[in-house]
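When a ligand or atom number is given, it counts from 1 through the structure's own listing order. Positions are given from 1 along the sequence.
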Amino acid sequence: MHEGLNLIGGEWVPASSGVTFRRHNPADLGDVVGEFPESLAADVEKAVAHAEEGAAEWGAAAAEKRADVLEAAARWLEDRAGDLVGELVREEGKTRAEAAMEVSRTPRNLRFYAAEAHRITGDSHPSADGGLVYTRREPVGVVGAITPWNFPLNIPSRKIGPALAAGNAVVFKPSPVTPLLAQRLVEALLAGGLPPKAIALVHGGAEAGAAVAADERVGAVTFTGSTRAGRAVHAAVGPSRRAQLEMGGKNPVVVMDDADLDRAAQIILKGAFGLSGQACTGTSRVIAHDAVHDELLDRVARAAEARVVGNGLDDGVQMGPLAADFQLEKFLDYVRIGEEEGAELVTGGRRLPGDGYFVAPAVFAGLAPDMRITREEIFGPVLGFQRASGLDEAVALANGTDYGLSAGIVTRDLDRALEFARRSESGLVKVNQPTSGMAMTVPFGGLKDSSTQTFKEQAGPSMMLFYLREKSVYITP
Ligand code: NAD
């Protein structure tokens with residue numbers, strides 16, 4: 001069993017209360033992955049105080065140095081890829097292939113952000129009196145990073161990478177579901193030569209996260225998680241600091257009457273049941289044209305039944321367990337809610353035998369627009385079918401929730417695909433691709449309740465600007 005600690009002021013320390021929590025392997029509940037500090041506001045208070053000192057040191061480091069550290073951290077992660085894949089499967093419940101994908105991606109992210117350190121510039125402007133007017137971009141100081149468990153290396157790397165590239169110190173509050181992988185990312189940065197006070201790791205749950213968001217010394221808070229928690233973070237940050245929130249989704253795939261149904265079924269299955277349905281951009285709704293609805297439902301339901309569910313370390317397993325007890329409860333609750341609301345459970349929707357949170361993926365038919373299983377994020381392997389008579393109705397149904405993260409269409413008709421892209425109220429639009437998955441060099445963020453609408457994450461012009469504050473300087477010679 002791993003004994004985890006917080007990193008505060010460059011020292012590995014327990015929570016000031018001495019309280020800890022344990023993380024179990026979701027595929028083998030007798031296997032304790034580790035024990036970690038249950039941090040509270042007092043721990044966050046110390047972490048931020050030291051991070052302010054770290055920000056002064058790191059903010060003065062040259063761009064070359066900042067880039068070198070991120071590059072070296074990337075190499076550290078790559079050198080340990082085999083071990084990290086094993087730990088990720090054990091801690092989160094991913095399959096080996098899913099874990100390998102994440103482990104390979106995180107160092108690439110860090111390299112991408114390392115290059116951004118060299119690109120921080122300002123602008124010069126015309127001046128009325130022949131003087132000089134220019135903008136100066138400087139780090140905001142201390143950045144708070146609050147993250148979920150479903151990509152415990154990759155999502156933090158998309159926040160900590162650009163924050164450090166810009167010269168900020170970071171107070172990192174990872175999910176209590178995946179504390180070990182969070183620690184590995186911090187170890188990589190320290191091994192890469194980051195000044196120890198430039199990063200703090202504070203384990204714990206909502207209370208620690210709320211303390212990070214509420215601390216006035218934290219100039220910017222980047223958060224990924226549920227819309228409910230994101231709203232609380234936004235309220236705590238207020239107008240004179242900044243928040244970037246990446247939140248929930250209820251992502252649809254529209255399948256038109258001209259679609260190749262084998263291809264459509266593959267796209268749907270990958271989006272719906274990859275990561276055991278626990279991807280923010282995962283597919284939770286299929287909006288099928290009347291002409292193909294029944295045939296597609298049959299294919300998807302049969303493929304869902306054939307899905308091999310088990311411990312992600314075992315050969316041939318296609319879907320791992322749900323990540324935690326609260327995930328299992330939510331899955332079973334929504335299956336019950338769907339049945340009570342009158343949707344038809346076509347297959348799955350029950351717990352499977354074994355000493356883990358294994359479930360049979362659920363496929364529902366007959367979702368009506370106002371049902372809770374149509375509108376609310378479940379974040380598990382529950383897929384619901386809706387019917388549409390044409391593109392207009394399909395667009396209306398696709399846009400018919402408060403979320404707007406990712407939406408897809410499967411069609412051979414480019415005109416329809418482009419029209420869907422134009423009319424979709426969604427930050428990502430996928431044509432003949434699963435709703436999940438994105439390139440790290442492309443701006444990422446949702447519309448409506450899925451994201452804040454100010455800064456995008458991952459890439460694009462607003463990504464680095466979130467981590468930099470700007471001054472306009474007027475000089476008369
Ligand atoms: P969560 O909201 O429960 O927790 C996310 C993080 O916030 C955790 O570190 C948690 O401890 C912390 N937290 C919880 N309440 C808080 C509060 N009041 N103040 C401050 N911090 C708080 O989410 P989760 O279960 O970890 O992750 C699943 C959710 O994340 C889903 O809704 C999913 O859609 C979303 N998600 C979104 C994206 C995206 O990019 N849009 C990516 C991955 C996951």
Would you say [X] touches ligand 1, if touching means a heavy atom closer than 4.0 Å?
X      : answer
Ala213 : no
Pro174 : yes
Phe151 : no

>> Between Lys330 and Asp333, does any side-chain N to carboxylate O distance fall below 4.0 Å?
In response: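 Asp333 and Lys330: not salt-bridged.
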
> Any N or O of Arg158 that comes nearer than 3.5 Å to an N or O of ligand 1?
Replying inline: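 No, no N or O pair falls under 3.5 Å.
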
> Is Ser226 in polar range of ligand 1, meaning some N or O pair under 3.5 Å apart?
Replying inline: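 Looking only at distances, the answer is yes, because the N/O contact criterion of under 3.5 Å is met.
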
Which option wins on minimum heavy-atom distance to [atom]: [options]?
atom                    : options                : answer
atom 37 (C) of ligand 1 : Gln278, Glu457, Met247 : Met247
atom 30 (O) of ligand 1 : Ala235, Gly445, Gly225 : Gly225
atom 28 (C) of ligand 1 : Phe379, Phe172, Phe223 : Phe379

Give the residue and atom name of whichever protein heavy atom lies nearest to [atom], and the separation in Å to one decimal.
atom                    : answer
atom 11 (O) of ligand 1 : Lys173 NZ, 2.7 Å
atom 44 (C) of ligand 1 : Asn150 OD1, 3.5 Å
atom 25 (O) of ligand 1 : Trp149 NE1, 3.0 Å
atom 12 (C) of ligand 1 : Ile146 CG2, 3.7 Å
atom 17 (C) of ligand 1 : Ala206 O, 4.0 Å

Distance filter under 4.0 Å to [X] heavy atoms, resulting ligand 1 atoms:
X      : answer
Thr224 : 5 (C), 36 (N), 37 (C), 38 (C), 39 (C), 40 (O), 42 (C), 43 (C), 44 (C)
Ala232 : 18 (N)
Cys280 : 34 (O), 36 (N), 37 (C), 38 (C), 39 (C), 40 (O), 41 (N), 42 (C), 43 (C), 44 (C)

Looking just at side-chain N and O atoms, do [X] and [Y] make a donor-acceptor pair shorter than 3.5 Å?
X      : Y      : value
Asn154 : Asn109 : yes
Glu246 : Ser451 : yes
Gln458 : Arg158 : yes
Ser39  : Asn6   : yes

>> Working note: Glu187 + Arg184, criterion salt bridge (charged side-chain N to carboxylate O under 4.0 Å, His left out); need CA distance, chi angles, decisive distance, verdict.
In response: CA-CA 5 Å; Glu187 285 170 0; Arg184 296 297 184 231; 3.1 Å; yes

>> Contact between Phe36 and Leu180 at the side-chain level, heavy atoms closer than 4.5 Å - yes or no?
In response: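 When only atoms from C-beta onward are counted, Leu180 and Phe36 do touch, with a gap below 4.5 Å.
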
> Under a 4.5 Å cut-off applied to non-hydrogen side-chain atoms, are Leu7 and Phe172 in contact?
Replying inline: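 Leu7 vs Phe172: side chains apart.
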
> Cation over ring, Lys94 on Phe151, under 6.0 Å and within 45°?
Replying inline: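 That pair qualifies as a cation-pi contact.
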
> Counting only N and O atoms by type, is there a donor-acceptor contact under 3.5 Å from the side chain of Arg285 to the main-chain atoms of Gln386?
Replying inline: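 Absent.
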
